[in-house]
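See below for the structure under consideration.
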Amino acid sequence: METSTLLDLYRDMWLIRAFEQGLEREFEKGNVPGMLHTGLGQEATQAALAWHLKATDTFFPDHRCHGINALAQQRHGGNGERVMAELFGKATGVCSGKGGSLHSADPAVGNFGDNAVEGSYMATVLGVALAAKMRGRPNVACAIIGDGTVGRGEFHESLNMAAIWDLPVLYACINNGYAISMPVGEGHASADIVDMVQGYGFGSSQVDGNDIVEAWTAVGAAVEHIRSGAGPCFLEFKTWRWQGIFAGEFRPEAEVKYWKEERDPIMLAAEALGERGVDHAELDAIEQEARDVIEEWIGFALESPAPDPDKATADVYVGWEVSSR
């Protein structure tokens with residue numbers, strides 16, 4: 001990887017982290033409605049995926065993917081501030097403030113949206129992938145899932161269908177160690193999800209999800225494999241989420257310390273850049289630039305109008321108008 005590429009990925013990771021930290025701050029102030037699940041600590045996986053997915057590809061983000069949603073906007077002609085506004089429930093959001101954190105979507109940049117029933121889109125992704133194959137297009141359909149999704153029936157059903165139909169699906173499993181408060185190794189027969197996938201007969205591998213170089217390289221190889229028509233791929237990103245899924249969630253103090261102080265993906269990337277001769281001043285400037293951008297986006301969201309109640313039933317069905325009572 002060239003140093004310029006690593007610098008760009010470092011910039012992307014800081015945009016994600018600043019986005020999540022700013023969002024968390026505003027959530028605590030009561031400015032962000034609904035629930036909030038952040039992807040702090042998982043920046044490398046999102047940055048790697050966003051880098052390689054084109055606007056003509058599709059991805060189904062999970063509930064911690066605010067970062068990749070914003071990067072997709074930035075990379076493909078949109079604006080990340082609209083993702084922020086959506087999370088604030090404002091009319092200027094990508095879904096006019098109706099989607100919020102769990103249902104933000106924008107097909108124009110390849111974002112087909114999450115679902116509150118986590119993992120259900122593992123079935124939906126098959127249809128998108130089949131459509132691309134039938135049309136002869138070298139597109140990738142990516143399902144971003146968590147380790148908890150492995151316990152759902154759609155997981156194995158989806159893998160099986162993708163295998164027998166040879167579909168262009170990239171399964172990006174973000175194994176952050178816990179499904180709510182259940183450790184992966186206690187909820188499944190193996191703490192390594194990739195062990196469960198190998199029987200389906202297509203490419204699968206485990207990746208250090210906190211090493212941006214390794215994550216970027218793995219995603220690039222998987223995407224190239226899929227675009228060539230060689231079938232689906234499964235990547236398990238071993239990482240760790242900084243925040244609990246609810247206040248008071250218990251995780252061992254030594255574990256928290258290890259992942260935050262020794263395996264922080266941004267810290268690891270900074271060390272790699274330092275070894276290449278990039279000085280701290282340049283890295284500090286990248287962080288500050290990201291934080292300034294996010295503050296602008298938050299300002300945009302705060303100043304944006306709330307949705308018009310008369311439009312609450314708009315866009316419910318394609319081509320239909322629904323009247324409110």
**Asked** What do the steps show when you test Glu24 against Gln243 for side-chain hydrogen bond (donor to acceptor under 3.5 Å, both in side chains), and what is the final call?
**Response** CA-CA 10 Å; Glu24 190 173 51; Gln243 307 301 73; 2.4 Å; yes
Give a yes or no on whether [X] and [Y] share a hydrophobic cluster (residues Ile, Leu, Val, Met, Phe, Trp, Tyr; joining criterion: side-chain heavy atoms under 4.5 Å apart).
| X | Y | result |
| --- | --- | --- |
| Met84 | Val94 | yes |
| Met13 | Met267 | no |
| Leu167 | Tyr121 | yes |
| Leu71 | Leu23 | yes |

How far does [atom1] of [X] sit from [atom2] of [Y], to the nearest 0.5 angstrom?
| X | Y | atom1 | atom2 | result |
| --- | --- | --- | --- | --- |
| Gln74 | Glu81 | CD | CD | 8.5 Å |
| Phe234 | Tyr200 | CZ | OH | 10.5 Å |
| Arg241 | Arg64 | CZ | CZ | 4.5 Å |

**Message:** Before you tell me yes or no, could you show the steps for Thr5 and Leu9 under side chain to side chain contact (heavy atoms under 4.5 Å, CB included), namely the whole-Å CA-CA distance, both residues' side-chain angles and the distance that decides it to 0.1 Å?
**Reply:** CA-CA 6 Å; Thr5 300; Leu9 289 163; 4.0 Å; yes
**Fill in**
By side-chain contact (heavy atoms from CB on, under 4.5 Å), Glu287 pairs with (sequence neighbours left out) Trp14, Arg291
**Request:** Using the test side-chain contact (heavy atoms from CB on, under 4.5 Å), find all partners of Glu26 that sit at least two apart in sequence or belong to another chain.
**Result:**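 Only Lys29, Asn31, Val32, Phe88, Ile298, Leu302 meet the side-chain contact (heavy atoms from CB on, under 4.5 Å) criterion with Glu26.
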[X] versus [Y], closest heavy-atom pair with distance:
| X | Y | value |
| --- | --- | --- |
| Thr124 | Phe60 | CG2-CE2, 3.8 Å |
| Asn69 | Ser104 | ND2-CB, 4.4 Å |
| Gly231 | Ile226 | O-CG1, 3.3 Å |

**Request:** State whether Trp297 and Arg82 meet the cation-pi test: NZ (Lys) or CZ (Arg) under 6.0 Å from the six-membered ring centroid, and within 45° of the perpendicular axis.
**Result:** no
**Item:** Charged tip of Arg17 within 45° of Trp242 ring normal and under 6.0 Å
**Value:**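 Ring-cation test returns yes.
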Report yes or no: do [X] and [Y] form a side-chain donor-acceptor pair below 3.5 Å?
| X | Y | value |
| --- | --- | --- |
| Asp292 | Gln288 | yes |
| Ser158 | Tyr171 | yes |
| Asn210 | Thr239 | yes |
| Ser101 | His66 | yes |

Determine, for [X] against [Y], whether the closest basic-nitrogen to carboxylate-oxygen distance falls under 4.0 angstrom.
| X | Y | answer |
| --- | --- | --- |
| Glu261 | Lys257 | yes |
| Glu295 | Arg25 | yes |
| Arg227 | Asp57 | yes |

**Message:** Between Arg263 and Asp211, does the salt bridge (Lys or Arg N to Asp or Glu O under 4.0 Å) criterion hold? Intermediate values first, please.
**Reply:** CA-CA 9 Å; Arg263 298 298 301 160; Asp211 183 331; 6.0 Å; no
**Request:** Could you tell me whether Met35 atom CE has more than 12 heavy atoms of other residues or ligands within 6.0 Å of it?
**Result:** no
**Asked** Should Arg11 and Asp8 be marked as a salt bridge (Lys or Arg N to Asp or Glu O under 4.0 Å) after you check the CA-CA gap, both sets of side-chain angles, and the distance that decides it?
**Response** CA-CA 5 Å; Arg11 185 173 288 106; Asp8 286 342; 3.0 Å; yes
**Asked** Are the side chains of Cys65 and Gln46 in touch, meaning some heavy atoms are under 4.5 Å apart?
**Response** yes
**Complete:** Sequence neighbours excluded, the answer for ring-ring contact (aromatic ring centres under 6.0 Å, His included) partners of His76 is none
**Message:** Please verify the inter-ring angle class for Trp216 with Trp51; under 30° counts as parallel, over 60° as perpendicular, anything in between as tilted.
**Reply:** perpendicular
**Request:** Go through the steps for Glu236 and Asn175 under the test side-chain hydrogen bond (donor to acceptor under 3.5 Å, both in side chains), then give the verdict.
**Result:** CA-CA 7 Å; Glu236 177 190 10; Asn175 184 349; 2.8 Å; yes
**Request:** Evaluate side chain to side chain contact (heavy atoms under 4.5 Å, CB included) for Asp62 paired with Glu118, printing each intermediate quantity in order.
**Result:** CA-CA 7 Å; Asp62 77 354; Glu118 285 301 325; 3.9 Å; yes
